[in-house]
Amino acid sequence: SNNAGVAAVTYTSSASSTCTVTVVGAGSATITAAAQDGSGKTASCTVTVGQYYEITASNAGTLNSVMSANQGGHFKLCNGVSLGVWTPIPEFSGEFEGNNLGVDLIINNPSAGNQALFAVNRGTIRNLSIAGTVSAGSYSGMLAAENRGTIENCSSSGTVKGQSDTGGLVGANNGIIRRCSSSCTVTYLADNLSATQIGGLVGNNWTGTIERSYATGVVNGGSGYSVGGLVGYNNSAAVIKNCYATGKVTGWYSTSPSS
């Protein structure tokens, strides 16, 4: 059906067979199977398909306004794009398919927290590489300032400077991060020598899970504490599985290349 919202298709067979229904576009399709033996028995299921907003080089300039107005939408990257100077999407609860492509951005807002591509992610972000420079306050990262959803198969590169809860990919994690990496150089702001919870991949893994991920970038926490190559601070309620870090780490207290 080319329009799942209105089209109806009837398929009848007296033999055992398989029926494939392809739905193109947004909407829902209900599939009902009826027994042909006169018993009146039926079985139904409904398939719902969301509409992807395709991101290309030609419409990247309007992406911020589109995503801010459709925070629960479905987005798919079709070209690698440069986003330029970026204002974070306040909250994202939809789906972002990176298509194994990349974006780059610039954030220069040292006095503000919650700075990244997404301020808060409650949705699913996957198959995306992101590069650039971020200079911000607390809760800062390249991809998400705070993750409460799922991030998988994503990577970051470039430089992230922040205060507390700053990471190369995510500032604070309360969701799932899976098969991700960062080569970002992560450091404290020049005017803040007591930053805490700074990590190569994640600054603060508070109640989240990180698995099969790694970081290779340099992490410099200055005189700050809870500084780590992978995660700056890992709370007792959080989980890290099958991860590693290789970058040089500098910090005053609780410093480790892999924790």
Mind running side chain to side chain contact (heavy atoms under 4.5 Å, CB included) on L143 and L128 for me, showing each step along the way? CA-CA 9 Å; L143 183 59; L128 177 68; 3.9 Å; yes
Short question: side chain of S68, backbone of S65 - any donor-acceptor pair under 3.5 Å? no
Not counting sequence neighbours, which residues clear side-chain contact (heavy atoms from CB on, under 4.5 Å) with N220? List them please. T187, Y188, T250
Return the minimal non-hydrogen interatomic distance between Q115 and V134, and the atom names on each side. O-CG1, 4.3 Å
Do D165 side-chain atoms and G203 backbone N/O form a donor-acceptor pair below 3.5 Å? no
Under a single-linkage definition using a 4.5 Å side-chain heavy-atom cutoff for Ile, Leu, Val, Met, Phe, Trp and Tyr, are L63 and I106 assigned to the same hydrophobic cluster? no
Given the options S129, S182, S181, S156 meets side chain to side chain contact (heavy atoms under 4.5 Å, CB included) only with S182
A119 to A145 - nearest heavy-atom pair and separation: O-CB, 3.2 Å
Report the C-alpha distance between I210 and V239 in whole Å, list the side-chain angles of each, state the deciding distance to 0.1 Å, and finish with yes or no for side chain to side chain contact (heavy atoms under 4.5 Å, CB included). CA-CA 6 Å; I210 305 172; V239 176; over 6 Å; no
Side chain to side chain contact (heavy atoms under 4.5 Å, CB included) between T246 and Y214, intermediate numbers included: CA-CA 8 Å; T246 61; Y214 64 92; over 6 Å; no
Hey, does the side chain of N70 reach the backbone of G94 with a donor-acceptor pair shorter than 3.5 angstrom? no
Sole residue of N79, I55, I130 in side chain to side chain contact (heavy atoms under 4.5 Å, CB included) with V103: I130
Any side-chain heavy-atom pair of Q71 and P90 under 4.5 Å: yes
Taken to the nearest 0.5 Å, the spacing of F92 CZ from N147 CG works out to 11.5 Å
Which value, rounded to the nearest 0.5 Å, describes the distance between K161 atom NZ and I107 atom CD1? 14.5 Å
Could you check whether any side-chain heavy atom of N174 comes within less than 4.5 Å of a side-chain heavy atom of E146, counting everything from C-beta outward? yes
What one should report as the nearest heavy-atom pair of D104 and S82 is OD1-OG, 2.9 Å
Working to the nearest 0.5 angstrom, can you tell me the gap between I198 CD1 and Y233 OH? 15.5 Å
Polar side-chain atom of N121 near backbone of R148 as donor-acceptor pair, under 3.5 Å: no
For the side chain to side chain contact (heavy atoms under 4.5 Å, CB included) test, which of V160, N109, N108 pairs with S135? N108
Minimal heavy-atom distance between S93 and G72, with the atoms involved, is OG-CA, 3.5 Å
Say whether, by atom type as modelled, one donor and one acceptor occur between the side chain of W86 and the main chain of L117 under 3.5 angstrom. yes
Judged by modelled atom types alone, do E97 and N127 share a side-chain donor-acceptor pair under 3.5 Å? yes
Could you give me the CA-CA distance, side-chain angles and deciding distance for E211 and K241, then say whether salt bridge (Lys or Arg N to Asp or Glu O under 4.0 Å) is met? CA-CA 5 Å; E211 56 185 3; K241 297 189 290 186; 3.6 Å; yes
So, taking the atom named CE in M142 and the one named OG in S183, what distance separates them when rounded to the nearest 0.5 Å? 8.5 Å
What's the shortest heavy-atom distance between C78 and T56, and which atoms? CB-CG2, 4.1 Å
Measure the CH2-OG distance between W206 and S236 for me, rounded to the nearest 0.5 Å. 7.5 Å
Taking C-beta and beyond as the side chain, do V170 and L201 meet within less than 4.5 Å on heavy atoms? no
Mind checking whether I125 and I176 sit in one hydrophobic cluster, side chains of I, L, V, M, F, W, Y counted as touching below 4.5 Å? no
Give a yes or no on whether V218 and L169 share a hydrophobic cluster (residues Ile, Leu, Val, Met, Phe, Trp, Tyr; joining criterion: side-chain heavy atoms under 4.5 Å apart). no
Taking atom types as modelled, is there a side-chain donor on Y225 or Q197 under 3.5 Å from an acceptor on the other? no
Do you reckon V120 sits in the same ILVMFWY cluster as F96, going by side-chain contacts under 4.5 Å, direct or chained? no
Show the numbers, then the answer: is there a side chain to side chain contact (heavy atoms under 4.5 Å, CB included) between I151 and C180? CA-CA 8 Å; I151 298 173; C180 291; 3.8 Å; yes
Evaluate the side-chain proximity of T209 to N173: yes if any heavy-atom separation is below 4.5 Å, no if none is. no
R179 side, atom CZ; R126 side, atom CZ - distance, nearest 0.5 Å: 10.5 Å
If you compare all heavy atoms of A215 against all heavy atoms of G229, which two are closest, and at what distance to 0.1 Å? CB-O, 3.4 Å
Please determine whether side chain to side chain donor-acceptor pair (under 3.5 Å) holds for the pair S164 and T196, giving the CA-CA distance in whole Å, both sets of side-chain angles, and the decisive distance to 0.1 Å. CA-CA 5 Å; S164 299; T196 64; 2.9 Å; yes
Y139: partners by ring-ring contact (aromatic ring centres under 6.0 Å, His included), with sequence neighbours left out: none
